[in-house]
Amino acid sequence: MKCKKLMCFALSLVLSAGLFSGCGKGGSDPDSPDSPASSSEGSKVQEGATGRYGETDIPLPEGADNPFGILWEEDALTLYTSGSSEDQNYLRYRLENQTWSEPEPVAWMNDAADRLGLAVSYLYPGADGKIYAMAFPCKDGIPYGQHILVSEDGSTALDLTPDSLKEPDEQGYRPYILDLAVLSDGTLALGLASSVAFYKDGKQISQMDSIPICMDHQTMLAASPTTVAVYNPDGTSVDLYQTQDLKKLQNVPVDQDLIESFILPGTEGDWYLIASGGIMRFTENGSILETLMEGSYGLMGSSAASMKQFLCGPEKDFYGLYLSHSGDRSGLLKHYVYEDGLPASTSASLSIYGLKESETVKQAVFEFQQLHPEVQVQYNFAAGSFETPSPDAIRSLNAELLNGGGADVLLLDGLPLDSYMEKGVLCDLSDLADRLKEEDVLMEVIGTTAQKDGKTYALPARVGIPLVFGTSENMAALESLDALHSYIQSHSGESLFGKTSHDLLGMTLFHTMYEELLLEDGSLDEKNLAALLSDWMQICQDSQIPQFEEAFDISPFWDSSSFSFQTGGMYPSGKDFAAVEEMRGLSSTMISFTKIREEQLELKGLRDYYIPHVIAGVNSSSPQQELAKEFIEALYSDSVQSLDSYEGFSVTNHTLDALADFVETDAAKEVSVSSSYLDPDTGEMSSLNGAYPTREQVEELTGLIRQTRTPFRMDSSLSDTVLAELESCYQNLQTPEETAASICQKVRLYLAE
């Protein structure tokens with residue numbers, strides 16, 4: 001029995017396959033890079049202290065396929081799996097005296113799959129003593145959406161999903177049920193898109209606002225016998241309510257990003273929060289908020305696995321079930337218990353700072369912490385992965401670095417790297433680069449990212465690659481300014497890129513033609529820039545982009561996209577179009593490469609560009625330079641490089657080679673991505689569906705990555721200047737010629753500073 005896995009599913013207009021459907025976890029936006037609110041660092045302890053929570057591995061039973069839930073039942077840890085046998089698909093194992101029992105079938109879950117066509121994916125212990133499950137359709141003909149199940153007799157599954165949440169809308173979609181808690185009297189508390197609704201006997205009795213979510217599953221609430229905890233809409237605090245009358249008791253700030261976290265009720269008013277920052281305890285009255293275990297000491301702080309479920313044990317211990325992000329997507333079971341002998345203090349510290357939170361860096365912190373438990377790692381960032389850092393954060397960091405301060409390791413994405421090299425802010429990493437070249441790292445690709453006077457000052461741990469695809473005639477239009485202008489003149493009224501937003505198109509064209517616009521002194525060619533802007537405005541008119549944006553209330557996308565190349569068009573049904581997209585990681589290719597495969601489109605790299613990401617350097621003022629270099633080396637370890645990250649592709653040979661093998665695995669074949677949107681031409685709902693590329697496509701892609709030699713790095717200040725002036729031009733507040741003159745003048749002033 002196979003169930004289709006939905007990677008992401010958005011009920012909104014999709015302007016780009018690269019603008020991923022779904023919301024990632026955010027971060028704070030402090031005024032100072034050292035703000036603890038933007039840190040994965042936990043509470044500090046006194047030097048020499050001992051005793052802390054530690055993580056140990058619990059090997060899973062041999063042959064246990066697809067573990068999806070853990071419960072504490074009859075004084076024992078119980079593991080639930082969905083096996084491969086057709087007649088006993090759902091199994092459970094009990095852990096007694098450190099030994100797993102023989103598996104036994106879970107009759108009511110098998111009944112749900114066979115009779116109701118619903119596959120159980122998540123388990124919930126109800127405050128009423130019953131076991132509940134969230135299930136998804138695994139048979140054709142059932143509208144997609146979550147169902148709530150329970151069993152009264154252990155053999156038959158009952159669907160408790162309220163009728164109002166079963167009915168699909170006009171487009172065929174049902175409301176998402178993202179989380180579940182069950183109160184002592186059997187009341188269902190259901191996490192919805194941005195609220196929690198309470199249902200008694202199938203009827204809604206109350207509703208309250210909660211954290212807005214754009215995923216198909218996310219913890220939003222939990223219930224003890226007396227209290228319901230609901231994530232506040234601010235995403236960093238928890239609202240507590242009485243179960244008796246749902247009266248609000250307290251709001252408790254937890255100073256944690258609650259996306260991708262778990263909350264568990266303890267005893268005597270204690271609550272536990274598990275997030276990438278570690279395990280925290282807080283009391284219902286908010287008088288205590290403490291970190292029991294730093295995330296860097298456990299798998300929750302790693303990017304190599306995702307948390308599936310957590311539960312409290314009987315001895316104030318914890319159990320965590322994870323799903324590995326490696327090729328087999330296997331389960332991992334961890335036990336967290338307080339140990340007196342573990343050192344709670346550290347003898348050294350290492351600070352890391354970047355403008356945006358990075359999953360790659362988080363995994364490297366985890367790896368580094370396992371090797372160096374004596375080092376306190378402080379990873380600070382100004383904004384979350386999908387947020388835009390404030391200009392104040394950049395200015396504050398620049399001032400700190402020029403005054404001899406700042407973190408030991410600097411993540412340089414979005415920062416003035418060339419200026420840092422010129423001003424001596426960064427250490428020479430040439431010795432590290434030479435060592436990495438011997439370790440299978442693609443130094444001939446990434447080694448040119450930050451070179452000056454024959455020395456290497458920074459290295460990227462990920463790369464994006466801009467690709468051009470479409471028909472040969474349309475692709476040829478992007479080879480030069482002259483080619484673009486000739487195409488527009490000879491194809492009047494035709495849409496070259498499909499429906500997109502004016503800012504995505506304008507900035508991508510600016511970046512695509514940047515080499516022809518750039519002069520030797522770093523300024524821009526005003527005449528060529530004016531010609532490009534005129535052509536961009538004509539393309540917008542030919543593609544009816546103003547009418548499209550007005551009809552569908554399209555807001556500018558560029559600020560939130562974070563891509564250097566993204567024409568972002570909704571692909572026309574035929575082949576007659578061109579697209580420029582930066583691919584970052586295998587998952588980012590799914591829709592585009594499916595289109596390329598189905599339409600038999602041509603594909604090539606853009607010039608020989610790669611876009612460096614997770615660019616790491618060492619602060620020349622750091623007293624921990626050797627330790628900092630060792631951390632940068634950890635960025636190229638197998639566990640870090642093997643992540644399929646939206647931050648970019650791996651930069652080691654063997655991990656790139658492994659991608660071709662991965663797409664042929666059963667795990668890869670079960671994964672799909674779907675984005676739904678309102679078709680502007682027909683007015684009907686349409687969808688873009690994608691799967692992983694074929695082995696042949698992956699080998700072509702990795703070959704293109706290995707051929708790249710030129711890093712494309714755009715100064716964020718220059719990009720912001722161009723974007724602002726483009727907007728004025730698009731609004732007809734100034735001509736293309738006036739816009740080009742204004743951009744060039746501001747660039748000259750910026751260079752002079």
Side-chain angles (χ1 to χ4, degrees), residues 1-24 65-66 68 82 84 113 117-122 134-147 168 171-174 176-178 213-218 306 308 323-330 469 570-571 573 579 581 583-601 643-646 649 659-679 685-698 701:
M1 179 169 49
K2 296 292 184 182
C3 299
K4 183 178 181 181
K5 298 180 181 178
L6 194 71
M7 285 277 293
C8 58
F9 193 90
L11 306 181
S12 61
L13 177 65
V14 176
L15 283 178
S16 168
L19 293 176
F20 309 116
S21 307
C23 300
D65 296 322
N66 305 319
F68 66 88
S82 54
S84 57
L118 299 173
V120 172
S121 295
Y122 298 93
M134 183 182 293
F136 294 77
C138 62
K139 290 184 177 180
D140 294 337
I142 302 177
Y144 183 82
Q146 298 89 329
H147 292 251
Q171 283 76 41
Y173 303 118
R174 296 176 49 229
Y176 275 18
I177 304 173
L178 307 177
I213 301 296
C214 306
M215 305 177 186
D216 62 7
H217 188 267
Q218 161 68 36
S306 56
K308 179 73 173 182
L323 294 183
S324 170
H325 293 164
S326 61
D328 59 1
R329 302 298 195 262
S330 59
F469 59 93
M570 289 188 299
Y571 308 131
S573 57
E581 292 185 4
M583 301 297 176
R584 295 185 191 170
L586 197 59
S587 295
S588 73
T589 68
M590 294 174 72
I591 287 181
S592 299
F593 272 59
T594 299
K595 180 73 173 180
I596 292 168
R597 183 170 61 251
E598 291 177 348
E599 300 285 357
Q600 297 182 336
L601 301 172
L643 291 175
D644 181 22
S645 171
Y646 282 113
F649 288 96
L659 296 179
D661 294 329
F662 166 70
V663 296
E664 293 187 330
T665 64
D666 290 339
K669 292 176 182 178
E670 290 181 1
V671 177
S672 63
V673 60
S674 178
S675 294
S676 298
Y677 61 95
L678 190 63
D679 191 314
M685 289 299 296
S686 298
S687 63
L688 296 172
N689 301 304
Y692 278 119
T694 64
R695 168 180 282 274
E696 292 73 23
Q697 286 182 307
V698 171
L701 174 63

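Along the sequence shown, residues carry numbers from 1.
For Q218, there are no side-chain hydrogen bond (donor to acceptor under 3.5 Å, both in side chains) partners at least two apart in sequence or on another chain. Residues forming a side chain to side chain contact (heavy atoms under 4.5 Å, CB included) with S121 (at least two apart in sequence, or on another chain): F136. T589 is linked by a side chain to side chain contact (heavy atoms under 4.5 Å, CB included) to M583, L586, F593, F649, P693, L701, counting only residues two or more places apart in sequence or in another chain. In this structure E664 satisfies the salt bridge (charged side-chain N to carboxylate O under 4.0 Å, His left out) test together with R695, sequence neighbours excluded.
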Could you go step by step and tell me if H217 and Y176 meet the side chain to side chain contact (heavy atoms under 4.5 Å, CB included) rule?
-> CA-CA 9 Å; H217 188 267; Y176 275 18; over 6 Å; no
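Listed here is the closest heavy atom pair of R174 and Y144: CB-O, 3.6 Å. Contact record, P143 with P137: O-CG, 3.4 Å, taken as the closest heavy-atom pair. Taking every heavy atom of both residues into account, V673 and M590 meet most closely at CG1-CB, 3.6 Å. Nearest approach of A135 to L118, heavy atoms of both residues: CB-CB, 3.9 Å.
Atoms CD and CZ, on Q600 and R597 in that order, are 11.5 Å from each other to the nearest 0.5 Å. The OG1 atom of T665 sits 9.0 Å away from atom CD of E670, with the distance rounded to the nearest 0.5 Å.
For the pair Q146 (side chain) and I177 (backbone), a donor-acceptor distance under 3.5 Å is present. Distance alone, capped at 3.5 Å, is enough to place a donor-acceptor pair between the T594 side chain and the A691 backbone.
By the 4.5 Å heavy-atom criterion applied to side chains, S587 and Y692 are counted as neighbours. Considering only heavy atoms from C-beta on, Q697 stays 4.5 Å or farther from V663 through its side chain.
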